[in-house]
Amino acid sequence: MLTEPIGVLVMAYGTPRSLAEVEPYYTHIRHGRKPTPALLDNLIERYRAIGGVSPLNDITSAQASGIEHRLNRFGPGTFKVYLGMKHASPFIADAVVQMARDGIRHAVSLVLAPHYSTMSVKTYQKEADDKAAELGIPSFVHVDSWHLEPLFIDLLADRVKTALKAFAPDAKVRVLFSAHSLPERILSLGDPYPQQLRETGDTVAKQIGLTNYSFAWQSAGRTDEKWLGPDILNVLRELHDGGEDNVVVCPAGFVSDHLEVLYDVDIECQATAQELGMHLTRTESLNADPRFLDMLSAVVLRRAEDLSGSGQ
Ligand SMILES: CC1=C(CCC(=O)O)c2cc3nc(cc4[nH]c(cc5[nH]c(cc1n2)c(C)c5CCC(=O)O)c(CCC(=O)O)c4C)C(CCC(=O)O)=C3C
Ligand SMILES: [Fe+2]
């Protein structure tokens, strides 16, 4: 192991801290273009519907500090965790500046999302690497994805089993593994994202002997482009038309309770299900589950071994 502290840059999407911050946050997501009043009102209404602010900031912070605590179990001060957000402060670049100030020379990056995409994880990594290059500090060793980590699979498998208990033992129940949709053009780029979601779902299903399951995309952006389908709301309608009215949604692409889970699944999918007379539940989010943080810190530790191995 290295003798000086290893920096760990934990990256996440970020969320506004108050309703007043929704406009600058949305403008940042839109690469500096202000949203129209209608788009802004619509987003504010969604945050209002989940209680005004998203619990995401608190959960992300708890995840980062839980990872740091675990990494330092065997040697206090061996690792220093920095939190950097894509669209909210502290931004990824702020965290990298702090790492440089602290004299960190060896660092691992981890994105709090299981599946790799050129439009998500890669953009986080690029932001970190660009800032490191600008500051003249060594680049990061990245964790690209952890969608097949055995402990991640175990956690989802347990959650699916628990969710299925809401139904009669002999009921026919469809499990829908979902993730955030992305523009369909990622397909022509050979992006691994859709395949990785499928691998997560297939592996969970195999582990618990689940046969009635499929995949759906949720939370597609409000843009003119075509987004990956099938959209989860259409999948619910099709299931109902085919005589299947029992559904467990497992939002496997997300790790925390936030807008896409608390609004898009718990309010929007639930409303469609009710309208159709379907029975829908979802798996509990991973949040700061100790077993989840054990898993993430083990993944970081493994990657940190590559740092010393590569002689950096
Ligand atoms: C792949 C992916 C993940 C999962 C991986 C990861 O976690 O990185 C994710 C997570 C999240 N997305 C979030 C929020 C939003 N995403 C938006 C818009 C967009 N998301 C995109 C992608 C993703 N997003 C994309 C391609 C857009 C279009 C604009 C663009 O090209 O960038 C918009 C704009 C309005 C709207 O479309 O609703 C909002 C408000 C929150 C925080 C929720 C909270 O505050 O609780 C979280 C965790
Ligand atoms: Fe998003």
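Indexing begins at 1, ligand by ligand and atom by atom, following the structure's order.
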Problem - Closest to atom 6 (C) of ligand 1 among Phe254, Tyr124, Tyr263 (heavy-atom distance) - result: Tyr124
Exercise for the section: Closest by any non-hydrogen atom to atom 5 (C) of ligand 1: pick that one out of Ala88, Ala113, Ser219. Expected result: Ala113
Specify side chain, backbone, both or neither for [X], according to which of its non-hydrogen atoms lie closer than 4.0 Å to ligand 1.
| X | result |
| --- | --- |
| Leu43 | side chain |
| His87 | neither |
| Lys86 | neither |
| His180 | side chain |
| Leu182 | side chain |
| Leu56 | side chain |

Practice task
Evaluate the ring planes of Tyr193 and His115, with Trp represented by its six-membered ring, and classify them as parallel (under 30°), tilted (30 to 60°) or perpendicular (over 60°).
Solution key: perpendicular
Donor-acceptor contacts under 3.5 Å from residues 163-177 side chains, at least two apart:
| residue | atom | partner | partner atom | Å |
| --- | --- | --- | --- | --- |
| Arg174 | NE | Asn212 | OD1 | 2.6 |
| Arg174 | NH1 | Ser214 | OG | 2.9 |
| Arg174 | NH2 | Glu244 | OE2 | 2.7 |

For residues 69-76, run the donor-acceptor check on the side chains, cut-off 3.5 Å, and write out each pair with its distance to 0.1 Å, sequence neighbours left out.
| residue | atom | partner | partner atom | Å |
| --- | --- | --- | --- | --- |
| Arg70 | NE | Asp294 | OD1 | 2.6 |
| Arg70 | NH1 | Gly66 | O | 3.1 |
| Asn72 | OD1 | Thr78 | N | 3.1 |
| Asn72 | OD1 | Phe79 | N | 2.8 |
| Asn72 | ND2 | Glu68 | O | 3.4 |
| Asn72 | ND2 | Phe79 | O | 3.0 |

Handout entry: Arg30 to ligand 1, any heavy atom closer than 4.0 Å
Key = no
Problem - Any Trp227 heavy atom less than 4.0 Å from ligand 1 - result: yes
Exercise for the section: Consider every N or O of Glu260 and every N or O of ligand 1, then say whether any pair is closer than 3.5 Å. Expected result: yes
